[in-house]
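Ligands are counted one by one from 1 in listed order, and the atoms in each one are counted from 1 as well.
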Amino acid sequence: MALSGVRVLELAGLAPAPLCGMILADFGAKVVRVDRPSRAAAVSADGDVQARGKRSLALDLKRPQGAAVLRRLCRGADVLIEPFRHGVMERLGLGPEVLLQENPRLIYARLTGFGQTGKYAKSAGHDINYLALSGVLSKLGRKNENPYAPVNLLADFGGGGVMCALGIVITLFERARSGRGQVIDASMVEGVAYLSSFLWKSQKVGLWNEPRGKNLLDSGAPFYEVYRTSDGKFMAVGAIEPKFYNQLIKGLGLNVDELPAQMSSFGWPEMKKKFASIFAQKTQAEWCSIFESTDACVTPVLALEDAASHQHNKERGSFIKNNQGEISPRPAPVLSRTPAVPSCKRDPFIGEHTEEILLEYGFTKQEIAKLCSDKAIELKNLKANL
Ligand SMILES: C[C@H](CCC[C@@H](C)[C@H]1CC[C@H]2[C@@H]3[C@H](O)C[C@@H]4C[C@H](O)CC[C@]4(C)[C@H]3C[C@H](O)[C@]12C)C(=O)SCCNC(=O)CCNC(=O)[C@H](O)C(C)(C)COP(=O)(O)OP(=O)(O)OC[C@H]1O[C@@H](n2cnc3c(N)ncnc32)[C@H](O)[C@@H]1OP(=O)(O)O
């Protein structure tokens, strides 16, 4: 796999850092999730739902012996992912200047909401706050309604987890030339703002001149909208270019010569009503068969489980099943020579691999026993979880 041999330490966090670690693991990195021991008794594998392919080490970073263990682990690692507010790692004596001095090849990835500097660097927040501060949230939502945050996909995962993974592979690539590591300051505000570069840079062509919900791509246009079908399901319409729009109109049984010009926004509200009343007359399956094999850019809105069993996705193997029968998306993108090979095993229990990992990083059995008696680490008793 593309990232074989890369050793990653991921300090356990909420949603974005776990995705970042999972991406690296899917593509072959050896990812160790560093968990808090105190949680081990209460939490098994279900706290982190993005733990595929990872192993767990339960380590108390608040104890000096625990922090010393992380320092030693970092000496033998390629990447550290830390998901805490600015200042937390410094308080633990695990800031970048310490760890990079001990291992100048280390990639020290700091995945936060607001970044390492600035007024909000030490403030708590979640996806919706980062999205708001990036300016993007102001553009999301329907006409005359409040801005709407679409689950926690954009800042947490797009601007956070994925952007941080990109930063890690970029720095690993650069390190192959320079031999040197560096610090990644991955702010989700900036990550999601960067993700929205098209939105920013397309302002000059007038794409966003109207208020929220009245523009071409934000549910203002009738040909870029979701419509309810007679069985309570939905169809997604994305017929932007005239040649595709004409096929949409044909499929709806309308005559393009009798309609207002496609790009005349004055006619859009009326056209939307017309399209909505037509879509409401047939079931989703009926609309699928009308638009199948056309270029009208009309697709069914599928539930997650239906997406996994849809013919197209099945043909490509877009979804995978693990040993527990859990279905999830296959890692993307697909690489021709060194594709990702996602683990089929169950997620790790907290502390399940503590001993195995420490031995692998050069600790002796005696050292491990001492760390255990000092409560710096925790060895999970697997039987307790079975
Ligand atoms: C919208 C999303 C958030 C979605 C979260 C949900 C996915 C989950 C939230 C609640 C979960 C459910 C719940 O737990 C109940 C069930 C539990 C069950 O097991 C599973 C099912 C549950 C229903 C469960 C399901 C889900 O998991 C939930 C619904 C987001 O936006 S996520 C993005 C958040 N932002 C960031 O990540 C940016 C950077 N981080 C931060 O800004 C802060 O970390 C944050 C997120 C604001 C939290 O602040 P906090 O004060 O808590 O932490 P920090 O200031 O960062 O400091 C960390 C302290 O912890 C110490 N520490 C860390 N590791 C260790 C260790 N190994 N040993 C010892 N100590 C450790 C560290 O030293 C810091 O201590 P100090 O504060 O004393 O310095």
Side-chain angles (χ1 to χ4, degrees), residues 9-22 32-51 54 56-71 73-74 80-95 109-134 136-137 149-165 184-192 347-351 353-354 357-358 371 374-378 380 385:
L9 301 168
E10 171 202 317
L11 304 189
L14 292 178
L19 174 69
C20 180
M22 189 178 86
V32 170
R33 191 186 63 205
V34 179
D35 288 300
R36 301 179 207 206
S38 51
R39 295 173 61 219
V43 184
S44 59
D46 59 354
D48 172 10
V49 293
Q50 302 171 102
K54 301 176 193 172
S56 166
L57 165 80
L59 179 64
D60 188 346
L61 296 175
K62 289 239 167 116
R63 291 177 192 268
Q65 305 95 315
V69 168
L70 190 77
R71 282 173 67 163
L73 293 173
C74 283
L80 172 71
I81 306 170
E82 72 93 356
F84 310 128
R85 283 187 255 191
H86 174 71
V88 169
M89 290 298 275
E90 283 77 3
R91 283 202 294 281
L92 293 167
L94 297 167
R110 316 196 78 172
L111 178 47
T112 61
F114 300 113
Q116 299 301 318
T117 53
K119 182 180 162 79
Y120 288 167
K122 294 193 174 171
S123 302
H126 290 104
D127 169 274
I128 194 167
N129 309 114
Y130 314 140
L131 195 60
L133 207 70
S134 73
V136 175
L137 184 54
V151 196
N152 60 327
L153 284 173
L154 290 177
D156 271 2
F157 299 117
V162 173
M163 213 58 91
C164 188
I184 299 172
D185 178 357
S187 135
M188 288 185 247
V189 174
E190 290 165 5
V192 73
D347 291 344
F349 294 117
I350 289 178
H353 307 100
T354 301
I357 292 163
L358 291 177
L371 288 166
D374 288 346
K375 296 195 170 17
I377 60 168
E378 198 168 271
K380 189 76 204 146
N385 293 93

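Looking at Phe157 and Gln50, their side chains come closer than 4.5 Å, going by heavy atoms from C-beta outward.
The option with the heavy atom closest to atom 39 (C) of ligand 1, from among Pro83, Ala12, Gly160, Ala186, is Pro83. Closest heavy-atom approach to atom 59 (C) of ligand 1 within the set Arg91, Arg36, Glu82, His86: this belongs to Arg36. In this structure, of Val151, Asp156, Leu70, Leu14, the residue bringing a heavy atom nearest to atom 30 (C) of ligand 1 is Asp156. Closest heavy-atom approach to atom 54 (P) of ligand 1 among the candidates Leu61, Leu11, Val88: Val88. Of the options His126, Lys122, Arg85, Arg110, the smallest heavy-atom separation from atom 43 (C) of ligand 1 is shown by Arg85.
In this structure a side-chain-to-backbone donor-acceptor pair under 3.5 Å is present from His353 to Ser56. Between the Arg110 side chain and the His86 main chain, no donor and acceptor come within less than 3.5 Å of each other. Of the possible donor and acceptor atoms, one in the side chain of Lys54 sits under 3.5 Å from a partner among the backbone N and O of Pro18.
Residue-level proximity to ligand 1 for Ala17 is absent, since no heavy atom of it falls below 4.0 angstrom.
Close contacts between ligand 1 and Gly113 involve ligand atoms 38 (C), 39 (C) [criterion: under 4.0 Å to a heavy atom]. Remark: ligand 1 atoms within the under-4.0 Å shell around heavy atoms of Ala124 are 47 (C). Within the listing of ligand 1, atoms 34 (C), 35 (N), 36 (C), 38 (C) sit less than 4.0 angstrom from a heavy atom of Tyr130. For ligand 1 and Asp127, the ligand atoms under 4.0 Å from any heavy atom of the residue are 30 (C), 31 (O). Listed by atom number, the atoms of ligand 1 under 4.0 Å from Asp60 heavy atoms are 68 (N), 69 (C). The Pro16 neighbourhood of ligand 1 comprises atoms 32 (S), 33 (C), with distances under 4.0 Å to a heavy atom of that residue.
An N or O contact shorter than 3.5 Å is missing between Thr112 and ligand 1 by distance. Between Ser123 and ligand 1, no N or O atom pair is found at a separation short of 3.5 Å.
Note on Glu90 versus Lys122: no salt bridge recorded, every NZ/NE/NH1/NH2 to OD/OE distance being 4.0 Å or above. Salt bridge annotation for Asp48-Arg33: present, with a cationic side-chain nitrogen under 4.0 angstrom from a carboxylate oxygen.
The shortest separation from a heavy atom of Asp35 to ligand 1 is under 4.0 Å, placing the residue in contact. Ligand 1 does not have Gly13 within reach: every non-hydrogen atom of the residue lies 4.0 Å or more from it. Using a 4.0 Å heavy-atom cutoff, Leu59 is listed among the residues neighbouring ligand 1. Residue contact annotation: Arg63 has no non-hydrogen atom under 4.0 Å from ligand 1. Leu92 counts as a contact of ligand 1, since one of its heavy atoms falls under 4.0 Å from the ligand.
Remark: of the listed residues Thr112, Val189, Val136, Leu154, Val189 is the sole one forming a side-chain contact (heavy atoms from CB on, under 4.5 Å) with Tyr130. Put simply, the residue from Asn129, Val192, Asp127, Ile128 that forms a side-chain contact (heavy atoms from CB on, under 4.5 Å) with Leu137 is Ile128.
Across all non-hydrogen atoms, the minimal contact from Val162 to Leu19 is CG2-CD2, 4.0 Å. The two residues Met188 and Pro16 have their closest heavy-atom pair at CE-CG, 3.5 Å. In plain terms, the two heavy atoms of Ala15 and Asp156 that are nearest each other are CB-OD2, 3.8 Å.
Remark: Phe114 CZ is packed, more than 12 non-hydrogen atoms of other residues, nucleotides or ligands lying under 6.0 Å away.
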